[in-house]
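In what follows, a structure is listed as structure tokens, so that the remarks can point back to it.
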Amino acid sequence: MVGATDWLSAADGVDLVCDCLWRQFPRESMRQRLLGGDMWDGPFYRVKREDYEICFVPGAGEDLEEVCNVDMWLTFPDGNRWSGTIFTLDEVQRLMDRWKDTGECLDGTYFYCWDELIVRHAGISSMVRVIDDLVVTGDYESALRPIGPEDDLGD
């Protein structure tokens, strides 16, 4: 469960998003829309919003504000889901440098991932701000991969 100090940092992140989006939505309504709830659910870290949920799969014991490479998916109330892998610029650089020695990806001369999203800053709160912006602008449809409705899992 998120503690009181975590809510303060989450609220600060919401203020940043609200500052970017003030022309599209009234500040207080956007703030209420974005402040949902953050919680652990087994190995998943879920961030609930009014109109969607972001689910991250950080490594066991990983500091959430140090996360630099994480799988995630975005789920809407109608069950439609979108997935992605988020990397920081520094993590991409680290991987390419390592591949110089291992020979992967032509000795680290390229990097690719089908559903990759690169962000500047590490941390789940930073990544949540990016996903919030992608949802508001509709760009999640270009940046993430559609994986179909949730009810397709058992079919």
If you compare all heavy atoms of [X] against all heavy atoms of [Y], which two are closest, and at what distance to 0.1 Å?
X	Y	value
P58	P43	CD-O, 3.9 Å
V67	M127	O-CE, 3.2 Å
L117	A143	CD1-CB, 4.3 Å

* Asked: When hydrophobic residues are tied together by side-chain contacts of less than 4.5 Å, even through go-betweens, does I131 share a cluster with I118?
  -> no
* For the side chain of R81 and the backbone of L74, is there at least one donor-acceptor N/O pair under 3.5 Å apart? -> no
Please, which pairs that meet salt bridge (Lys or Arg N to Asp or Glu O under 4.0 Å) have at least one residue in [range], sequence neighbours excluded?
range	result
residues 106-124	D115-R145
residues 66-78	none
residues 82-105	E91-R94, D97-K100

* Among Ile, Leu, Val, Met, Phe, Trp and Tyr joined by side-chain contacts under 4.5 Å, find the other residues sharing a cluster with W114 and list them by chain and number. => none
* Asked: Given a cutoff of under 4.5 Å between side-chain heavy atoms of I, L, V, M, F, W and Y, with clusters grown through shared members, what are the other residues clustered with L106?
  -> Y110, Y112
* Asked: With F87, which residues qualify under ring-ring contact (aromatic ring centres under 6.0 Å, His included), at least two apart?
  -> F111
State, with a plain yes or no, whether a side-chain heavy atom of [X] is found less than 4.5 Å away from one of [Y].
X	Y	value
V135	W82	no
T75	C55	no
I54	I124	no

* **Pairs flagged by side chain to side chain donor-acceptor pair (under 3.5 Å) wherever residues 53-63 is involved - sequence neighbours left out** => R46-E53, K48-E53
* To do: Verify the distance criterion only: is there a donor paired with an acceptor across the side chains of Y52 and N80 at less than 3.5 Å?
  => no
* Which residues pass the side chain to side chain donor-acceptor pair (under 3.5 Å) test with E141, sequence neighbours left out? -> none
* Check each of F44, Y140, Y45 against W73 using the ring-ring contact (aromatic ring centres under 6.0 Å, His included) test, and report the only one that passes. => F44
